[in-house]
Amino acid sequence: MKTDLTSTEIREIFQQFFEQKDHLRIAAAPLVPKNDPTILYTVAGMAPLKPYFVGEKKPPRPDLVNVQPCIRTKDIDDVGDRHHLTLFEMLGSWSIGHYFKERAVELAYELLIDRFGFPPERLYVSVYAGNPDIDLPADERTARAWEKVGIPRDRIVFLGEDNFWGPAGDVGPCGPCTEVFFDTGEAYGPAYVPGGELDTKGRYIEIWNAGVFMELNKLADGSFAKLPFSSVDTGSGLERMALILGGFDNVYETDLLAPLVAAIGSGLGKDSSLRDRRVIADHIRAATFILAEDVVPGNEGRAYIPRRLIRKCVAISTRAGARDLDYPGLLGLVVDKLSPAYPHLAEKQASLTAAFVREKEDFERVIGRGLDRLESLCGKPGFVVSGEDAFSLFATYGLPVDIVRDVVAERGGSVDDAGFDSELARHQEVSRAPKAQDATSTWATAAAFSAVGDLSTEFVGYEHTETEARILAVIKDGRAAADAGAGDTVEVICDRTPFYAEGGGQIGDKGRLIAGDAEVAIDDTVKVGGFHVHRGHVVRGSIAPGQTCELVVDDSRRRLIMANHSATHILHAALRQVLGTHVRQAGSLVEVDRLRFDFEHPSRVAPEQLAEIERLVNAEIQRNHVRETVVTTYDDAVSRGALAFFGENYGDEVRMVRFGGFSTELCGGTHVHATGDIGAFRIASEQSVASGVRRIVALTGPAAVAYTLEQDALIRELSTKLKTSPTELSARVTALMDRPKAKAKAAAVKADVDVASEARKSATGISYVAVRMDGGAPELRAEALRLADKLGGVACLVGEDQGVVRMVVAVAKAVTGNIKAPAVLRDLLPLVGGKGGGQPHLAQGGGPDLAGIAAALERVPAAVDSASA
Ligand code: SER
């Protein structure tokens, strides 16, 4: 089949069709999921809607439609074939607790045949074959629905686990599904024979998962609970739809990708492989979307995905000898193509390009060495690269393992994949297992719990720090419990709470739960789905679901946190004012005793700029702006100048927090009543955390005052130690730092003074030397005595010591009858503005005028003359 539909038209036809059938068009969610620790990125259109399916939140309307960018890395090794992509746009429609199988099939058929114009005879469908282990029969009901609309039995295929979809992540809603396949024709393989196998890898391409029939909720222990109601979840990859509707061979020929692949082809050169061009095209698209959400490439979890994508591109272009492939230009092509549908890409073009280039340049520094090392591991055909070596290429040089495999295969060798996998698993276990486990069980518990009813926790903590509430659930060891007694570690969920749950960088509240005689110490509060989960231990008595309790937040602790959170907003605004509007929040942590703010900025923040920022923030604190909080729509907030970030998932309602005209941000955190409550603000440090990302740690209120006093005490202590005043401290330290140099010089002077040739004789016949020597009094004294002795005359040493002038005059005992050291010294001292005195054979002094040293040395002959006259 061949139509002229563009990708833009396909998006619209899909969404308009469902809108005409009473579905509400909803916005796409960010790729970085919010409140769902079970997945790194949004993997399906349904993922951000999980709370609707489990009944934890009510959808704005039961039937919904949208187009959702998704990232799937599971099939990353298949990228480059006809239709696998890392980033794809999913056309999705949903019925949440409303219509079910028959209606879903009717709508699917009508859209495919009547709107898109598919020839019915080229469509095949699959339905679930059933699984007695989980008590699910073959999905005869859906098969009959397909027959009814016009798909004959012999094109309906019953499939096993391929037709059980989900969950997205380890736990959550899932169910049997029905998929529609298009027959791409004889050129792609033999025809399906009823009862035989449907070749879904070649000839028959899946164009639409026309319905996951969600009835089950998979729990953390692997078992399934029934969902409170049944839903339909459909999803179709836009790129595949465009491939089929346009009559192309593969997704790279569609308008979504063709120009990009062509540009990459001309950059890589005509000998480059088609697969390499396609992989770069795919990876660049995915990286564009991920970087647009401010994910900073790194080595773990979510951050590793963009790193891997970018490194793979760079490895390919480097090996193809195209190191200067125009990546910014290619990213520009992606942005141009997709920003009409996703405007945030254009807004973030500069920063995402910068992030891509930084990662590329970082990798270019090591890739050469990695490829050399890999080269050295290649032997005669048939060689095997061990898992350990492959892992070290990956861990030390950052070489993606598939690049390693490609190179090794070209040389006729192979990689011990199992060995690599076990090395990787070992590494991951060490570095992150506990966290993931923790997150999964909490989510699972609350998800399972929410399935019981349409419940969530009402948060009253913006206005109150104490409230009465009802205990909804008591969780022990990740499972709902009937009660908990003294000593038990528990998680408690209530119908309402003043406890802020960790989120938006702000840490969770601590406090107490009192129920009659029972008390629970709450050590932390986290958000799981729609619930605030209070974590702590029972101090005395026992608690049980259904009880009424008093929830009391540790108020003084919360006040300190609020001061730090509000100061974070003001700091952010100040940074943008002083450094420029390119500054964007890259991460924030608001704690009791400090705040930590990471932001995009290419270079070190100069000390003068830091001082200016501190001054600005304190000025805004002193203005005592009363906070304004407005709950409004996202668009309204942004049009009023609120700082908002696409990476954040803002719901239909947003909270806009404003301090005077200085700072306006969308924020769900808790804040001071007026900026004066912050008290004071000090920056404790500024440093780099990643390329292009800086970190400021700052203090507010009592912590800022304590910090200032400590710094002050330190300065005074140092001044005392160095025998100077705080204002002179810096000059003194400079001099001290120069001292090792001075010592070296002094040593040289010592060796250099050749008494025999430098000694002069005064008119009165006394031998003397005048020598510049820097250093402390003891060294000068010793040296002066030595020289005087050697000469049998007078030695005058003048030099610098810790920022002041030091002067020593020694007279050999034999001549003290003719000349006295203090007399010589007195003549010289005025030249350096100093004072001093001593014995006939040894006098010393000093003064502040370093500039007088030369003059003093020049005056020595006259001084000796007059003192011996
Ligand atoms: N969740 C299903 C899928 O991803 C249908 O949207 O295929």
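We count ligands from 1, going down the list as the structure has it; atoms in each ligand are counted the same way.
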What short N/O contacts, under 3.5 Å, does ligand 1 make with the protein, listed by atom pair and distance?
from, atom 1, to, atom 2, distance (Å)
ligand 1, 1 (N), Asp233, OD2, 2.6
ligand 1, 4 (O), Arg72, NH2, 2.8
ligand 1, 6 (O), Asp233, OD1, 2.8
ligand 1, 6 (O), Thr234, O, 3.2
ligand 1, 6 (O), Gly235, N, 3.2
ligand 1, 7 (O), Trp165, NE1, 3.4
ligand 1, 7 (O), Asn209, ND2, 3.1

Donor-acceptor pair, side chain of Arg277 and main chain of Ile264, under 3.5 angstrom: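 Side chain of Arg277 to backbone of Ile264: no pair is present.
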Anything under 30° is parallel, anything over 60° is perpendicular, the rest tilted; go ahead and classify Phe164 against Tyr128.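 Tilted: the ring planes of Phe164 and Tyr128 meet at 30° to 60°.
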Give the ring-plane orientation class for Phe14 versus Phe18, where under 30° counts as parallel, over 60° as perpendicular and anything between as tilted.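 Tilted, since the angle between the ring planes falls between 30° and 60°.
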side-chain contact (heavy atoms from CB on, under 4.5 Å) assessment of Val79 paired with Arg275: CA-CA 8 Å; Val79 167; Arg275 193 177 182 94; 5.9 Å; no
Run the salt-bridge test on Glu89 and Arg240 with the 4.0 Å N-O cut-off and return the result as yes or no.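 No, Glu89 and Arg240 are not salt-bridged.
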Kindly write out the residues that satisfy salt bridge (charged side-chain N to carboxylate O under 4.0 Å, His left out) with Arg308, not counting sequence neighbours, or none if the list is empty.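 Expected list: Asp77, Asp402.
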